[in-house]
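Report on one structure; see the data block that follows.
The chain is numbered in sequence order, starting from 1. Counting starts at 1 for both ligands and their atoms, following the listed order. Since this is a predicted model, take the numbers as computed values, not measurements.
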Amino acid sequence: CAKKAKTPKDSNNDLAACRMLLSELEAHQDAWPFLSPVRHKSVPGYRKVIKKPMDFSTIKEKLTNNLYLNLETFIIDVNLVFDNCQKFNEDDSEIGRAGHRMRRFFDKRWTELL
Ligand SMILES: Cn1cc(C(=O)NCCN)ccc1=O
């Protein structure tokens, strides 16, 4: 089937959806490990293990500076937050569990947008 043309309106709607989704992520009770960049100076090994750090405040900054082309590129960065979390933290840990809960919440919310 023919691909739907992306109009400027579509990308404005995408942007609004990204802002909405991000504010919901930030407001979630399990968001605390992800609100700001991991302080690698106080988290031994983090800088070595995690090649592409990402967090909600950095995503917000990128949104503000218009660095996301569309919903897809935004979702890639959000997933990076959760993939980093799974890589660095045991599933059975405070932060590991928070990451799994946040990912489940995010997956549910953005799929409701489709
Ligand atoms: C996502 N994440 C967060 C931390 C952390 O210490 N966050 C500050 C909480 N106040 C450590 C490892 C990690 O993967």
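Following chains of ILVMFWY side-chain contacts shorter than 4.5 Å, one cannot reach Trp110 starting from Leu69, and the two form parts of different hydrophobic clusters.
Among protein heavy atoms, atom 11 (C) of ligand 1 sits closest to Ile95 CD1, 3.7 Å. Scanning all protein heavy atoms for the shortest distance to atom 10 (N) of ligand 1 gives Trp32 CE3, 4.5 Å. In terms of protein heavy atoms, atom 3 (C) of ligand 1 is closest to Pro33 O, 3.5 Å. Of all protein heavy atoms, the one closest to atom 2 (N) of ligand 1 is Val38 CG2, 3.5 Å.
Using cut-offs of 30° and 60° for the angle between ring planes, the Phe56 and Phe34 rings count as tilted.
Residue contacts with ligand 1, taken as heavy atom pairs separated by less than 4.0 Å, involve Asn89 solely via side-chain atoms from C-beta onward.
Close approach of ligand 1 to Phe34 is summarised as follows: ligand atoms under 4.0 Å from at least one heavy atom of the residue are 1 (C). Heavy-atom contacts of Tyr46 reach the following atoms of ligand 1: 14 (O) (cutoff under 4.0 Å).
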Discussion item. Salt bridge (charged side-chain N to carboxylate O under 4.0 Å, His left out), that's the test. Do Arg97 and Asp92 meet it? Break it down for me.
Written reply: CA-CA 6 Å; Arg97 271 189 298 279; Asp92 187 22; 2.5 Å; yes

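Within 6.0 Å of NZ on Lys51 lie more than 12 heavy atoms contributed by other residues, nucleotides or ligands.
Between Tyr46 and Asn84 the shortest side-chain heavy-atom distance falls below 4.5 Å.
In this structure, a donor-acceptor pair under 3.5 Å is absent between the side chains of Ser11 and Asp14.
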